[in-house]
Amino acid sequence: MKLSNNITLTDIIDINTLYNLQEKLGKLVDIPQITTDVNGVPVGKASNFISFCRLIRSSPKGLQQCIECDRQAGLLAMEERQRRIYQCHTGLIDCAAPIIVNDYFIGSVLGGQVLIKGESTIDSIDVEKLSEKFHISREALQVAVEFIPLVSREHLENTVECYSFLANYIAQMGINRLIQEQLLQKSKEKHLLEQTAKKMELKTIQAQINPHFLFNTLNSIARMAVIEDAPQTEELIYHLSDLLRYSLKSIEDFPKIRADIGNIERYLFIQSLRFSDRISYELNIDEALMDYRIPSMIIQPIVENCMVHGLETKPEGGTIRIDGYFVSKKELEIKVTDNGKGIKPDVLKAIQQMGETSNPNIGIGTLNTYNRLKSCFGDRFALTIESSLDIGTCVTIRIPRIKHFSQEGGKLLCIN
């Protein structure tokens with residue numbers, strides 16, 4: 001059982017609705033009720049409180065003591081996962097029923113404010129002590145004590161049932177709200193994926209070209225480079241040809257990291273020649289990592305972002321570094337770092353909230369990487385982006401270790 005940090009009573013039920021429920025239930029069974037949050041603080045108004053309790057709560061110190069007493073009672077009921085009967089700090093017998101939503105404790109329904117026949121009398125209430133402690137008129141307290149209900153234990157047990165009914169009703173409202181939010185979130189995610197797919201489809205159509213024509217042309221240029229004794233040009237063209245060939249493969253594949261890193265190395269080689277000594281790169285991939293698998297074209301968009309947004313427009317250039325290592329027996333990390341221009345704070349914030357909201361500041365490459373990881377691994381991945389202006393950017397991808405797999409529609413059905 002956990003205390004809720006995200007769900008509050010006011011999130012799942014309207015205060016006026018809660019008060020009306022308390023009032024109707026209170027009038028039916030003639031019992032006092034109050035609903036509190038996890039800290040014992042009342043949510044809305046109390047219903048049918050006896051004059052003695054109203055008097056105690058009229059004192060700031062008394063109110064504080066009552067709230068703490070309610071908090072402790074709620075926590076004990078939460079730990080026991082059931083309603084409970086207890087003695088409050090003034091000597092009255094009270095009841096508490098925990099409100100639990102999806103194993104989270106969000107508050108309590110409390111009440112009682114009675115003495116039990118055969119077990120206690122009004123003489124058990126120390127009026128003198130309470131008057132001195134809470135600075136309340138002794139005479140007023142003495143009058144109020146006379147009106148404290150004296151009930152049977154059976155009556156009290158029935159009262160607790162009413163508190164449980166209200167607590168369970170509120171909890172069910174909370175569960176319904178969570179289900180609705182989850183459905184809404186899934187609907188938003190589906191819509192976002194559909195929009196992304198349409199954008200990617202448009203980009204594919206716009207970039208469409210006959211691959212056989214492209215590769216034949218590149219090979220012809222490479223042969224000309226050999227004839228003209230231009231080995232660097234020849235190497236550049238072959239790297240470009242391999243890079244394009246790999247990029248045109250199905251993105252549903254799960255290649256070995258060795259193949260994916262090899263393709264990225266070809267890309268970085270081409271860029272380093274293009275920018276001469278301005279751009280350099282380092283690859284530090286654990287050899288034991290190389291035979292594990294990764295969704296294809298996941299790292300490539302990150303590296304391209306480093307180049308295009310981080311280093312290309314930086315006069316002195318910079319370095320891109322890719323590290324790969326195991327972080328546990330079940331997970332591995334790929335980290336892409338550059339010392340480029342960094343990301344503006346507003347853009348970085350939008351990127352870090354990726355998946356929660358749709359934002360035009362997020363580039364299609366980064367969004368595509370996130371959505372591919374989400375599609376393949378569900379919640380079993382992490383994409384972390386840290387950046388400082390004029391210092392650089394670090395993108396970390398954490399995924400499960402995969403050596404063998406089966407898949408359907410790009411989703412992993414089995415990992416081992």
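The chain is numbered in sequence order, starting from 1. What you see is a predicted model; the values in this text were computed from it and never measured.
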Participant: Evaluate the ring-ring contact (aromatic ring centres under 6.0 Å, His included) criterion for residues F254 and Y292: first the C-alpha distance (whole Å), next the side-chain angles of each, then the deciding distance (0.1 Å), finally the verdict.
Facilitator: CA-CA 9 Å; F254 276 74; Y292 284 82; over 10 Å; no
Participant: Using atom types as modelled and distance alone, determine if a side-chain donor or acceptor of S387 lies under 3.5 Å from a backbone N or O of I343.
Facilitator: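 Yes, S387 side chain to I343 backbone: donor-acceptor pair under 3.5 Å.
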Participant: Are any non-hydrogen side-chain atoms of L389 and K341 less than 4.5 angstrom apart?
Facilitator: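 The answer is no, as the side chains (C-beta and beyond) never meet within the 4.5 Å cut-off.
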Participant: So, are R57 and D70 salt-bridged, with charged N and O less than 4.0 Å apart?
Facilitator: yes
Participant: Please say whether more than 12 non-hydrogen atoms of neighbouring residues, nucleotides or ligands are located less than 6.0 Å from CD in E132.
Facilitator: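 No, because the 6.0 Å sphere around CD of E132 holds 12 heavy atoms or fewer from other groups.
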Participant: Once you round to the nearest 0.5 Å, how far does SG of C66 lie from CD of E68?
Facilitator: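 Going from the SG atom of C66 to the CD atom of E68 covers 11.0 Å.
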Participant: CZ of R372 to CD1 of I298: how many Å apart, nearest 0.5 Å?
Facilitator: 5.0 Å
Participant: Where do S108 and G74 come nearest, in terms of heavy atoms and distance?
Facilitator: OG-CA, 3.2 Å
Participant: For residues F134 and H89, report the shortest heavy-atom separation together with the two atoms involved.
Facilitator: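 The pair with the smallest heavy-atom distance is CZ-CE1, 3.6 Å.
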Participant: Using only atom types and a distance under 3.5 Å, with no angle test, would you say the side chain of S124 pairs donor to acceptor with the backbone of S120?
Facilitator: no
Participant: I'd like to know whether R153 forms a salt bridge (Lys or Arg N to Asp or Glu O under 4.0 Å) with E119, so could you lay out the CA-CA distance, the side-chain angles of the two residues, the decisive distance to 0.1 Å, and finally the verdict.
Facilitator: CA-CA 9 Å; R153 181 163 285 276; E119 298 181 23; 2.9 Å; yes
Participant: Counting only heavy atoms from other residues, nucleotides and ligands, does the tally under 6.0 Å from CD of E154 exceed 12?
Facilitator: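 Incorrect, the count does not exceed 12.
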Participant: Of all heavy-atom pairs between T337 and K335, which one has the smallest distance, and what is that distance?
Facilitator: OG1-CG, 3.7 Å
Participant: Quick one: does any side-chain atom of E331 pair with a main-chain N or O of P400 as donor and acceptor, under 3.5 Å?
Facilitator: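 Such a contact is absent between E331 side chain and P400 backbone.
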Participant: Can you tell if the side chain of I294 reaches within under 4.5 Å of the side chain of I399, non-hydrogen atoms only?
Facilitator: yes
Participant: With a 4.5 Å heavy-atom cut-off, do I320 and L311 have their side chains touching?
Facilitator: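 Yes, side chains in contact.
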Participant: May I ask you to decide if S328's main-chain N or O and R401's side chain share a donor-acceptor pair within less than 3.5 Å?
Facilitator: yes
Participant: Can you tell if the side chain of V395 reaches within under 4.5 Å of the side chain of T384, non-hydrogen atoms only?
Facilitator: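 When only atoms from C-beta onward are counted, T384 and V395 do not touch, as no gap falls below 4.5 Å.
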Participant: Where is the tightest heavy-atom contact between L110 and A96, given as atom of each residue plus distance?
Facilitator: CD2-CB, 3.7 Å
Participant: Go through I261 and I322 one step at a time and tell me if the side-chain contact (heavy atoms from CB on, under 4.5 Å) criterion holds.
Facilitator: CA-CA 9 Å; I261 291 296; I322 303 176; 4.3 Å; yes
Participant: Quick one: pull up CD1 in I397 and CD1 in I334 and give me the separation to the nearest 0.5 Å.
Facilitator: 7.5 Å
Participant: Quick check against the 3.5 Å criterion: does R278 have a side-chain atom that pairs as donor or acceptor with the backbone of K314?
Facilitator: yes
Participant: What do the steps show when you test Y86 against Q72 for side-chain contact (heavy atoms from CB on, under 4.5 Å), and what is the final call?
Facilitator: CA-CA 11 Å; Y86 64 98; Q72 292 290 342; over 6 Å; no
Participant: Let me see the working for I50 and L92 under side-chain contact (heavy atoms from CB on, under 4.5 Å), right down to the final yes or no.
Facilitator: CA-CA 11 Å; I50 63 173; L92 295 185; 4.1 Å; yes
Participant: Check whether any side-chain heavy atom of I99 sits under 4.5 Å from a side-chain heavy atom of F105, and report yes or no.
Facilitator: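 Side-chain contact under 4.5 Å: no.
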Participant: Provide the closest heavy-atom pair for D94 versus C88 in the form atom of the first, atom of the second, distance.
Facilitator: OD2-CB, 3.5 Å
Participant: Measure from the side-chain N and O atoms of R293 to the backbone N and O of K403, and report whether any donor-acceptor pair falls under 3.5 Å.
Facilitator: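 Present.
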Participant: Give a yes or no on whether the backbone of I56 and the side-chain of S59 come within a donor-acceptor separation of less than 3.5 Å.
Facilitator: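 Such a contact is absent between S59 side chain and I56 backbone.
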Participant: Between the main-chain N or O of T319 and the side-chain N or O of D338, is there a donor-acceptor pair closer than 3.5 Å?
Facilitator: no
Participant: Does any donor atom in the side chain of E304 or Q300 lie under 3.5 Å from an acceptor atom in the other side chain?
Facilitator: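 Checked: E304/Q300 side chains pair up, N/O donor to acceptor below 3.5 Å.
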Participant: With rounding to the nearest 0.5 Å, note down the distance linking CD1 in I270 to CD in E265.
Facilitator: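 The CD atom of E265 is 11.5 Å from CD1 of I270, to the nearest 0.5 Å.
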Participant: Do we get R54 above F49's six-membered ring, with its NZ or CZ under 6.0 Å from the centre and within 45° of the axis?
Facilitator: no
Participant: What is the distance from atom CD1 of I402 to atom NZ of K330, rounded to the nearest 0.5 Å?
Facilitator: 14.0 Å
Participant: Given K374 and D379, is the salt bridge (Lys or Arg N to Asp or Glu O under 4.0 Å) satisfied, shown in steps?
Facilitator: CA-CA 7 Å; K374 181 77 173 175; D379 295 326; 3.0 Å; yes
Participant: For Y281 together with Y267, are the ring centres under 6.0 Å from each other?
Facilitator: no
Participant: Answer yes or no: is there a donor N or O on one side and an acceptor on the other, between the side chain of Q352 and the main chain of I385, under 3.5 Å?
Facilitator: yes
Participant: Can I279 and M307 be said to form a side-chain contact (heavy atoms from CB on, under 4.5 Å), step by step?
Facilitator: CA-CA 9 Å; I279 304 293; M307 182 65 66; 3.6 Å; yes
Participant: Out of curiosity, I125 CD1 to L115 CG, how far, rounded to the nearest 0.5 Å?
Facilitator: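 I125 atom CD1 to L115 atom CG measures 5.0 Å (nearest 0.5 Å).
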Participant: Using side-chain heavy atoms (C-beta onward) and a distance below 4.5 Å, is E287 in contact with R258?
Facilitator: yes
Participant: Would you please say whether a donor-acceptor pair under 3.5 Å links the side chains of E333 and Y325?
Facilitator: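 On atom types as modelled, these side chains qualify, holding a pair under 3.5 Å.
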Participant: Is the closest side-chain heavy-atom distance between R321 and N339 below 4.5 Å?
Facilitator: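 R321 does not reach N339 side chain to side chain.
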Participant: With side chains defined as the heavy atoms from C-beta onward, is the minimum distance between L156 and C95 less than 4.5 Å?
Facilitator: yes
Participant: For a quick test of reading the model, state the closest non-hydrogen atom pair linking D260 to P255 and the distance between them.
Facilitator: OD1-CG, 4.2 Å
